[in-house]
Undergrad: 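Here's a structure for you.
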Amino acid sequence: MSAQHTPPSPRLRAAVAAAATSSLLVLTACGGGTDAPVGEPEAPSEPVDLRMTVWTADEAQLELFQSIADDYVAENPELVSSVTFETIPFEDYTTSLTTQLAGGNAPDLAWIFESNAPEFVASGALVDLRPLLESTDGYALDDIVPSALGLWEDAEGLYAYPFSTSPFAMFVNTDQIAAADQTDPAELVASGEWTFDAARDIAAATAEDSGKQGLVVRDFDYQTWENLATVWSGWAAAPWSEDGTQCTFTEPAMVEAMTWIHDAAFEDGAMPGPGTTADFFAGDAAMTITQISRASALDGSFDWDVVPLPAGPAGKQNVVGQAGIGVFAAGEHPDVAADFLAHFTDPENAEQLAAYFPPPRASLLNAETLADANPSLTAEQLQAVVVEGVEDAVTKPAHKNFAQLSETVRAELDALWTEDADVEAVLTDTCSTITPLLEE
């Protein structure tokens, strides 16, 4: 039976209109997902065309997607005539996507950022995939690591498949570190002494020796503050409570973590300051925190290694970045789109996608399988940073009002990125400003 074509709620449409004028996304809650879960699709009167939005422009990735899609088209000619992958630039992705929704031009499927997962799950814009995935022969929904589903489900259903669960790790330029006569981080990992303080000291000494940069939190650039979760998680800190209703920027753990970050940049010389761009993969820095999937950017121009995130005062905390694939209720063919999603993410195709996107399936989370898809990484590296890196991991911050929160926090934290900043005072002001947004 075909699923109901439910348009985005009025509040969602109003939020998208605001996004168009203020560059903010606000998907407001209107209950759970659509009331019409998808089932096995009925053959349409004629084969349909499906469209899926993505943010990658990587030709190899798009070629793989198209190959998987072409197999589906060949196997289901009565359902589908084509599947098109539409690339939207990363920085404009969510705003462009929700503008399409509001304008009545919803894609059939879309990638969704983890930070916006609560917004989309609560908005009613996505269909419930659980009945279809549970009933699809060979899909093995129970093979997906339960923690990987947390952002994408509620008590009523499952609204996206977490196609990428990519751990953050520390890439190190071992040439620069050796030249500065610093201890190899791998040795510190082995001895249990791999901590953020040790990483800071190595980064500062190496930067002084090389004239380049020390430790770069990739894609932070004093704008994308949520990427600092890869650091503050070592202090067991978080920007807001687990239920998203209370600001915790002022908690002692967060104050201590943000003080460490501030001092690493402005006192220790371990991190580049505002306005300084340094690309680890071009040899501009000794270390970088980024997702393991970035290993493909290494070109062999220097010796490197990859190690787990360091431990903080609260111990070692794994952090993952995640992205889901959802089916829009407002799309023209949600039942067919959901059937294609089941094909695109089944065990066989998930193994192919593992070449670029660490899979959420327990059966694929082993060094042997991942080594086939990631030839630039050794089995030991994959075991330490991918297989073990998803265990008990936390994601970057997510909230049902994340778009407004993200921009507001960024503006408040601007005051933190000066040499003489009062860290605790800035974080207190941040909580005062965002508390009303958390309570909406």
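What you see is a predicted model; the values in this text were computed from it and never measured.
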Undergrad: Please check if any side-chain donor atom of Thr395 sits under 3.5 Å from a side-chain acceptor atom of Gln322, or the reverse.
TA: no
Undergrad: Between Arg51 and Phe328, is NZ or CZ placed under 6.0 angstrom from the six-membered ring centre and within 45° of the ring axis?
TA: no
Undergrad: Can you tell whether the side chains of Asp219 and Arg294 come within less than 4.0 Å, N to carboxylate O?
TA: yes
Undergrad: So Phe220 and Trp417, would you call those rings parallel, tilted or perpendicular, with 30° and 60° as cut-offs?
TA: perpendicular
Undergrad: Counting heavy atoms not belonging to Asp299, are there more than 12 under 6.0 Å from its CG?
TA: yes
Undergrad: Could you tell me if Thr206 and Gln182 have a donor-acceptor pair between their side chains, going purely by distance under 3.5 Å?
TA: no
Undergrad: Could you check whether Thr94 and Asn116, counting side-chain N and O atoms only, form a donor-acceptor pair closer than 3.5 Å?
TA: yes
Undergrad: Using a distance-only test with no angle check, is there a side-chain donor-acceptor pair under 3.5 angstrom linking Thr345 and Tyr139?
TA: yes
Undergrad: Please work out which of the three classes, parallel, tilted or perpendicular, describes the rings of Phe171 and Phe281, given edges at 30° and 60°.
TA: perpendicular
Undergrad: Is the distance between the ring centroids of Phe113 and Trp55 under 6.0 Å?
TA: yes
Undergrad: Give a yes or no on this: more than 12 heavy atoms of other residues, nucleotides or ligands lie within 6.0 Å of atom CD of Glu208.
TA: no
Undergrad: For Tyr161 together with Trp111, are the ring centres under 6.0 Å from each other?
TA: no
Undergrad: For Thr418, does its backbone N or O pair with a side-chain atom of His262 as donor and acceptor, under 3.5 Å?
TA: yes
Undergrad: So for atom CD, which belongs to Glu348, do other residues, nucleotides or ligands contribute more than 12 heavy atoms lying within a distance under 6.0 Å?
TA: no
Undergrad: Which pair of non-hydrogen atoms, one from Leu188 and one from Ala198, has the smallest distance, and what is that distance?
TA: CD1-CB, 4.0 Å
Undergrad: How about CD on Gln246, more than 12 heavy atoms from neighbouring residues, nucleotides or ligands closer than 6.0 Å, or not?
TA: no
Undergrad: Is the ring pair Phe196/Trp235 parallel, tilted or perpendicular, if the boundaries are 30 and 60 degrees?
TA: tilted
Undergrad: Is a side-chain N or O of Thr99 found less than 3.5 angstrom from the main chain of Thr95, in a donor-acceptor match?
TA: yes
Undergrad: Please state whether the rings of Phe85 and Phe344 are parallel, tilted or perpendicular, taking 30° and 60° as the class boundaries.
TA: tilted
